[in-house]
Structure formats: structure tokens, C-alpha cells
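As C-alpha cells, the structure follows; a few thoughts come after it.
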Amino acid sequence: MGFIKFILITLLILYIIRIIIRLVFPLVLRNLFSKVQQQAERQARQPQGKPEGSISIDYMPPKPKTGKTDNLGDFVDYEEVK
């Protein structure tokens, strides 16, 4: 008898959760989509910071401080042996 009571209560809880989700989920989605749409509209209204065709450089790598620019190593002469 206890097992049947457990199954009936579980089914009742699942049915109630299903009804609540059917009612609440569309409202949450509608609210979320309206926020995204408002944010997109705000971004569209703001003027762009840079005019078209301008170039900006965000990062410049540091220049090597050594006088030697060749980092490949020392060149070694060799003779071909036949």
C-alpha cells in the first residue's frame, strides 16, 4: 500500500510541475527575448565609435633589444665528401 501511495504522489507532483512549466516557461522566454531585443535596439541606436575605413592597432609586439636581428643561429661552412 505504501508503494502505491508513493507512486500516486510522485505522479501528482510531476503532473503539477508539468502544468506550472507550461504556464511559466512561455512568460520567461517572452521576457528574455524582449530584453535581448531591447539590447539590440540600444546598440543599433548608438553611433559607431570609429568612422568607416579607419584602422586601429590594439597590440604592437615589442622590438628585440639585441643588435643581432638574425635569430637563426650561426652558419657553419661544410664540404661535401664524395
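Ile7 pairs with exactly one of Leu11, Ile4, Thr10 by the side-chain contact (heavy atoms from CB on, under 4.5 Å) rule, that one being Leu11.
Members clustered with Val24: Leu12, Ile16, Ile20, Val28, by chain and number, using a 4.5 Å side-chain heavy-atom cutoff among hydrophobic residues. With a 4.5 Å cut-off between side-chain heavy atoms of Ile, Leu, Val, Met, Phe, Trp and Tyr, the cluster of Ile21 takes in Ile9, Ile13, Ile17, Phe25, Leu29, Phe33.
Rounding to the nearest 0.5 Å places CZ of Arg42 at 8.0 Å from CZ of Arg45.
Around the OH atom of Tyr59, the shell of radius 6.0 Å holds more than 12 heavy atoms that belong to other residues, nucleotides or ligands.
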